[in-house]
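What follows is one structure encoded as structure tokens, with my remarks underneath.
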Amino acid sequence: MDHSWLTLLDARVPRYTSYPTAPHFHPRIGSAIFENWLKDIDPQKPISLYVHVPFCYQLCWYCGCNTHIVKGERPVELFLKNVLKEIALVQRYLPGRPKVSHLHFGGGSPNRLTADQFDQIMLQLHQTFELIEGAEIALEIDPRHLGHLQTEAYARWGVNRASLGVQDFDPEVQKAMNRIQPFDMVAGAVDLLRKAGITAINFDLLYGLPLQTIDSIHATIEQTVLLSPDRVALFGYAHVPWIKKQQKTLERFGLPSVQQRAELAFYARSELEKHYEPIGIDHFAKADDSLAVAARKKQLHRNFQGYTIDEAQTLIAFGPSGISSTPQGFAQKEPELAAWNQCIEAGQLAIRRGIALQPSDRLRSAIIEQIMCHLGVDVEAVAREHSQTPEQFLPCFDRLASFAAQGLVRIEGWRLSIPENRRLAARSVSAAFDAYFQPEENHHSAAV
Ligand SMILES: C[S@@+](CC[C@H](N)C(=O)[O-])C[C@H]1O[C@@H](n2cnc3c(N)ncnc32)[C@H](O)[C@@H]1O
Ligand code: SF4
């Protein structure tokens with residue numbers, strides 16, 4: 001297949017899990033400002049919560065997440081004590097007991113916590129917030145470390161979705177990435193979850209890893225389909241060894257070239273599309289899954305966890321590095337575990353950076369969200385919804401002219417749409433509406 005159009009995409013465009021994106025947050029947003037944002041929460045509207053658990057049992061060489069491998073249990077116990085305190089600190093500023101429609105535990109590996117530790121967090125969250133009937137409670141899970149005591153605790157607290165880090169089933173690829181998890185182990189974890197009644201299952205798969213071939217990707221997807229997850233996230237491995245030093249280890253095995261990476265990506269996508277509906281740039285969902293239903297109704301959203309049906313305007317994050325989002329702006333927690341512990345112990349909310357949103361940010365954010373979710377947008381309609389006019393975006397359309405000439409985007413008046421077979425251009429098309437993006441910035445890795 002001819003992938004030459006990919007060379008037109010700027011490898012450094014963001015993934016737009018927020019707009020403005022995190023590199024544009026600044027330290028002038030601190031805990032005092034965030035306290036006011038919390039006070040302004042509308043108690044009538046359901047909000048979302050995110051808890052970042054920054055621990056794993058073993059480091060995967062490819063990992064780009066904020067996590068720690070610790071000796072002994074004391075650092076985990078200290079985290080637990082402080083996350084409970086952090087929830088209590090946030091409670092001081094909340095108007096009453098807000099309703100919650102989505103709760104997501106990410107990491108790291110939330111199942112690095114014992115059932116008892118998980119119970120303590122859930123108890124405190126229930127005392128502080130009202131989890132509404134039918135709320136989605138989701139957990140990211142490392143399938144190598146899941147036991148029945150944990151799944152029973154999850155079920156007791158109403159967890160109803162689990163995202164398993166699978167990445168690749170090939171034994172040689174697994175050795176190269178320092179993550180051995182045979183098919184039977186992953187199948188066992190899925191079985192435990194389903195037996196506990198947690199039936200909504202997501203898998204994360206990665207392409208662009210060392211030793212991956214079309215055959216190995218074929219086998220991985222065949223094995224994935226056997227376990228029948230409802231959703232699959234297919235991420236391109238982001239190689240940023242200047243930030244994540246252990247990723248250098250993967251270079252020993254040789255990373256796929258840009259061309260090989262594109263072939264792996266398109267092959268994986270075409271195999272997944274035999275069983276799932278493609279969603280946005282990197283998700284796949286069964287036709288009856290809520291994500292696929294929302295995509296068809298154009299009700300999909302994008303947040304820090306990726307694609308979601310969550311419509312909440314406010315997300316409160318707990319734990320180091322977590323990013324909260326409110327109608328006024330974004331606020332990110334201190335990312336370093338030790339510094340986060342210190343802040344919380346000192347009774348501070350540990351906000352390190354953020355950004356207050358201007359009306360123009362909100363408008364551009366809405367345009368970019370539609371492009372990322374629905375591969376198209378009517379710029380005039382969105383501008384009018386924000387009581388603005390579309391003419392200010394003429395330079396953005398000019399920037400898209402070369403993409404339009406190459407068939408990466410169709411432009412009709414103020415409407416633009418990305419053809420189905422060019423969905424991976426969505427990030428680059430979005431970047432045309434990003435007032436902060438400087439093409440020479442080096443925050444990102446490969447375009448596909
Ligand atoms: C927090 S982990 C998922 C839960 C658990 N820690 C696990 O790995 O099983 C989130 C996901 O991010 C993805 N990921 C991690 N490092 C990445 C990287 N460098 N590039 C792209 N995706 C990455 C992986 O697919 C991983 O499953
Ligand atoms: S288990 Fe997940 S978070 Fe932990 S090191 Fe591996 S990919 Fe990263």
Side-chain angles (χ1 to χ4, degrees), residues 11 14-15 17 50-70 76 104-113 138-146 150 154 159 161-169 173-182 185-186 188-190 193 201-210 212 217 220 224 227 229 231-251 255-256 261 264-265 268 272 281-284 304-307 317 319-323 335 337 427 443-448:
R15 306 184 61 73
T17 51
Y50 173 74
V51 182
H52 190 82
V53 181
F55 299 105
C56 294
Y57 283 101
Q58 188 182 352
L59 192 60
C60 309
W61 298 146
Y62 62 80
C63 181
C65 306
N66 178 336
T67 192
H68 300 262
I69 313 303
V70 289
V76 183
H104 187 104
F105 285 82
S109 300
N111 57 318
R112 176 68 178 75
L113 301 177
L139 243 87
E140 293 173 17
I141 299 278
D142 177 344
R144 295 168 295 176
H145 300 280
L146 189 66
Q150 289 164 307
Y154 301 157
V159 170
R161 183 171 291 282
S163 277
L164 277 67
V166 173
Q167 329 305 353
D168 191 301
F169 279 115
V173 177
Q174 290 193 355
K175 263 192 236 160
M177 63 180 169
N178 195 35
R179 181 172 184 142
I180 308 293
Q181 48 178 43
M185 188 185 273
V186 178
V190 171
L193 288 160
I201 304 284
N202 304 1
F203 276 13
D204 292 343
L205 300 182
L206 280 179
Y207 66 82
L209 292 168
Q212 281 183 325
I217 290 272
T220 286
T224 295
L227 297 178
R231 298 180 190 169
V232 176
L234 174 70
F235 299 124
Y237 164 52
H239 189 57
V240 287
W242 57 93
I243 304 172
K244 295 285 173 186
K245 293 204 170 43
Q246 91 282 350
Q247 290 185 346
K248 260 226 97 30
T249 316
L250 291 184
E251 292 173 9
L255 288 164
R261 196 178 152 98
L264 294 171
L272 285 168
I281 56 166
D282 53 15
H283 274 58
F284 297 82
F304 298 106
Q305 277 76 59
Y307 291 103
S321 78
I323 303 178
L337 179 59
R427 286 163 60 192
H443 294 297
H444 311 281
S445 57
V448 176

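Counting convention: from 1, in listed order, for ligands and their atoms alike.
- Of the heavy atoms in Lys244, none comes closer than 4.0 Å to ligand 1.
- The shortest distance between side-chain heavy atoms of Thr249 and Asn178 does not fall below 4.5 Å.
- Between Pro54, Pro110, Cys56, it is Cys56 that holds the heavy atom closest to atom 3 (S) of ligand 2.
- Nearest protein heavy-atom contact of atom 12 (O) of ligand 1 is Cys65 SG, 4.1 Å.
- Of the protein's non-hydrogen atoms, Gly64 N, 3.0 Å is the one closest to atom 16 (N) of ligand 1.
- When each atom of ligand 1 is checked for a heavy atom of Gln247 under 4.0 Å away, the hits are 19 (N).
- Tyr62 OH, 3.2 Å is the protein heavy atom nearest to atom 7 (S) of ligand 2.
- With ligand atoms numbered from 1 in the order given, ligand 2 contributes 3 (S) to contacts under 4.0 Å with heavy atoms of Gly108.
- Looking only at heavy atoms of the protein, atom 20 (N) of ligand 1 is closest to Ala238 N, 2.9 Å.
- Arg15 has its side chain within reach of Ile281: a pair of non-hydrogen atoms, C-beta onward, lies under 4.5 Å apart.
- The closest approach between any non-hydrogen atom of Ala233 and ligand 1 is not below 4.0 Å.
- On a distance-only criterion, Leu206 and ligand 1 share no N/O pair closer than 3.5 Å.
- None of Leu164, Leu234, Thr220 except one satisfies the side chain to side chain contact (heavy atoms under 4.5 Å, CB included) rule with Phe203; the exception is Leu164.
- Ring geometry for Phe55 against His68 counts as tilted: the plane angle lies between 30° and 60°, on a 0 to 90° scale.
- At least one side-chain heavy atom of Glu251 sits less than 4.5 Å from a side-chain heavy atom of His239.
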* When you look at Gln305 and Tyr50, which way does the side chain to side chain contact (heavy atoms under 4.5 Å, CB included) test go after all the steps? -> CA-CA 9 Å; Gln305 277 76 59; Tyr50 173 74; 3.2 Å; yes
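- Remark: ligand 1 atoms within the under-4.0 Å shell around heavy atoms of Gly107 are 1 (C).
- Counting all heavy atoms, side chain and backbone alike, Asn202 lies closest to Arg161 at OD1-NH1, 2.8 Å.
- Residue-level proximity to ligand 1 for Asp204 is carried by the side chain, the only part with a heavy atom below 4.0 angstrom.
- The closest approach between any non-hydrogen atom of Arg179 and ligand 1 is below 4.0 Å.
- A heavy-atom separation below 4.0 Å is not found between Gly106 and ligand 1.
- Counting only heavy atoms from C-beta outward, the side chains of Leu59 and Thr67 approach each other to under 4.5 Å.
- For Ser163, no nitrogen or oxygen atom sits less than 3.5 Å from a nitrogen or oxygen atom of ligand 1, counting backbone and side chain alike.
- Contact annotation: Cys60 places an N, O or S atom under 2.8 Å from atom 6 (Fe) of ligand 2.
- Annotation for Ile69 and Gln58: closest pair CD1-C, 3.4 Å, computed over non-hydrogen atoms.
- For Gln167, every heavy-atom contact with ligand 1 shorter than 4.0 Å involves the side chain, none the backbone.
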* Let me see the working for Val76 and Leu113 under side chain to side chain contact (heavy atoms under 4.5 Å, CB included), right down to the final yes or no. => CA-CA 8 Å; Val76 183; Leu113 301 177; 3.8 Å; yes
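- Contact analysis leaves Gly165 out of contact with ligand 2, as no non-hydrogen atom separation drops below 4.0 angstrom.
- In summary, the atoms of ligand 1 found under 4.0 Å from a heavy atom of Tyr237, numbered by their order in the structure, are 18 (C), 19 (N), 20 (N), 21 (C).
- Counting heavy atoms from C-beta outward, Gln246 and Cys63 have side chains that approach closer than 4.5 Å.
- Every atom of ligand 1 with a heavy atom of Cys63 under 4.0 Å away is listed here by number and element: 16 (N).
- Residue Arg179 holds the heavy atom nearest to atom 2 (Fe) of ligand 2 of all those in Arg144, Gln181, Glu140, Arg179.
- Protein heavy atom at the shortest distance from atom 8 (Fe) of ligand 2 is Cys63 SG, 2.3 Å.
- Residues Asp282 and Tyr307 are in side-chain contact: their nearest non-hydrogen atoms beyond the backbone lie under 4.5 Å apart.
- Heavy-atom contacts of Gly108 reach the following atoms of ligand 1: 1 (C), 4 (C), 5 (C), 6 (N) (cutoff under 4.0 Å).
- Of the listed residues (Trp61, Tyr57, Phe235, Tyr62), the one carrying the non-hydrogen atom nearest atom 19 (N) of ligand 1 is Tyr62.
- One finds no salt bridge joining Arg112 and Asp142 here, because no Lys/Arg side-chain nitrogen approaches an Asp/Glu carboxylate oxygen to under 4.0 Å.
- For the pair Tyr237/Met177, no side-chain contact is recorded, criterion being any heavy-atom separation below 4.5 Å from C-beta on.
- Between Ala317 and Gly322, the shortest heavy-atom contact is CB-C, 3.6 Å.
- For atom 5 (C) of ligand 1, the candidate residues are Ser109, Pro110, Ala189, Ala162; the nearest heavy-atom contact is made by Ser109.
- Near Asp142, meaning under 4.0 Å from one of its heavy atoms, ligand 1 places the atoms 9 (O).
- For the pair His104/Glu140, a side-chain contact is recorded, criterion being any heavy-atom separation below 4.5 Å from C-beta on.
- Counting the atoms of ligand 1 from 1 in the order shown, those under 4.0 Å from a heavy atom of Gly236 are 20 (N), 21 (C).
- Close to ligand 1: Ile141, with a non-hydrogen atom less than 4.0 angstrom away.
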